[in-house]
Amino acid sequence: SFHEGWFVMAQDLASGKGFWARYGLTRLAAPARAECRAVIFDKSAGRPVVACWARPVSEVESGAATAYRLGDSVLRDASALGRGETASCDLTWNSESNGAFRLVPPCLAGTGLLSAGYEAVEGLVRVSGEARVGDHSARFENAAAGVGHLWGSRGARGWRWARAVF
């Protein structure tokens, strides 16, 4: 069993809107699934606005040039595209960042004691572009953002524990 997720988060202080996109796959329980999620945080909506679209795990592509591709949704170096029935995003960011850092120290990660990992791939970048979920949209221009990656054999509970402790 295995769980992996890539995510992008951004916030625009001027509008008070935020966006979170997750590109992931899970083989923790049958049936295995690959999916993309998009969430807009907009006070005028009164709640987070969420969309999710899924495809067979066999359609996920990943490699050196592309972290994650599922149909028309793709996360690669310095850009995130999302295309679902009720949601979309087209975001780009500067290639200069504070760099990646792992929240679990390498000395502990290599022991086999942990069942998950978490890495801030781009700790702080400036993002531009637009995201839409349902009738709500958010525009970002040089907004604070980050890109992360998590993985493991137990899903969210495993990586939250590692992140909270270290």
Side-chain angles (χ1 to χ4, degrees), residues 3-26 34-45 47-55 59-106 108-109 116-152 155-156 159-160 162-164 166:
H3 170 81
E4 181 175 31
W6 293 85
F7 56 90
V8 177
M9 55 205 153
Q11 68 175 20
D12 178 57
L13 294 177
S15 70
K17 294 181 179 182
F19 178 70
W20 179 79
R22 180 184 177 279
Y23 303 76
L25 65 91
T26 184
E35 65 182 21
C36 294
R37 291 181 183 261
V39 182
I40 286 190
F41 301 92
D42 180 355
K43 286 184 180 183
S44 70
R47 60 175 173 70
V49 183
V50 181
C52 179
W53 55 101
R55 300 186 59 131
E59 294 185 23
V60 171
E61 297 175 30
S62 183
T66 301
Y68 186 95
R69 176 188 298 274
L70 183 64
D72 292 334
S73 300
V74 60
L75 176 66
R76 62 172 56 111
D77 188 31
S79 70
L81 295 173
R83 299 285 181 265
E85 188 175 310
T86 61
S88 65
C89 72
D90 188 351
L91 304 171
T92 59
W93 53 88
N94 59 311
S95 59
E96 296 177 21
S97 75
N98 293 337
F101 63 91
R102 290 191 178 220
L103 298 175
V104 177
L108 183 58
Y118 178 91
E119 178 179 38
V121 178
E122 299 284 358
L124 178 61
V125 292
R126 306 306 272 174
V127 70
S128 296
E130 189 168 3
R132 177 191 58 80
V133 179
D135 295 334
H136 297 271
S137 64
R139 178 99 185 114
F140 301 99
E141 192 62 46
N142 202 31
V147 180
H149 180 213
L150 58 96
W151 63 93
W159 75 263
R160 284 184 185 149
R163 181 178 181 190
F166 303 103

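Sequence positions, counted from 1, serve as the residue numbers for this chain.
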Heavy-atom closest pair, residues G146 and V125: N-CG2, 4.3 Å

Smallest separation among heavy atoms of G129 and L91, with atom names: C-CD2, 3.8 Å

Check: L81 main-chain N/O paired with R76 side-chain donor or acceptor under 3.5 Å: no

Close side-chain approach of L150 to H3, heavy-atom, < 4.5 Å: yes

N142, CG atom: more than 12 neighbouring heavy atoms under 6.0 Å: yes

Side-chain (S62) to main-chain (A67) donor-acceptor, under 3.5 angstrom: yes

Note, V8 side chain near W20 side chain (heavy atom, < 4.5 Å): no

Non-hydrogen atoms of V49 and H136 that approach each other most closely: CG2-CD2, 3.6 Å

W53 side chain near R55 side chain, heavy-atom distance below 4.5 Å: no

Ion pair E35/R37, N-O distance below 4.0 Å: yes

Exercise: identify the closest heavy-atom pair between R126 and N94: N-OD1, 2.8 Å

Heavy-atom check, side chain of S128 versus side chain of F140, under 4.5 Å: no

Any side-chain heavy-atom pair of W93 and V147 under 4.5 Å: yes

Residues K17, D42: salt bridge by 4.0 Å N-O rule: yes

Nearest non-hydrogen partners of Y68 and G24, listed with the distance: OH-O, 2.7 Å

From CZ (R83) to CD (E85), nearest 0.5 Å: 14.5 Å

Parallel, tilted or perpendicular: ring planes of H149 versus W6, cut at 30 and 60 degrees: parallel

Straight-line distance of K43 NZ to S15 OG, nearest 0.5 Å: 10.5 Å

side-chain contact (heavy atoms from CB on, under 4.5 Å) assessment of C36 paired with Y23: CA-CA 5 Å; C36 294; Y23 303 76; 3.8 Å; yes

Closest non-hydrogen atom pair between I40 and A131, with its separation: CD1-O, 3.6 Å

Min side-chain heavy-atom separation L75-T66 under 4.5 Å: no

Approximate separation, where rounding is to 0.5 Å, of D12 CG and F19 CZ: 13.5 Å

D90 and E130, any side-chain heavy atoms less than 4.5 Å apart: no

Approximate separation, where rounding is to 0.5 Å, of C52 SG and R22 CZ: 8.5 Å

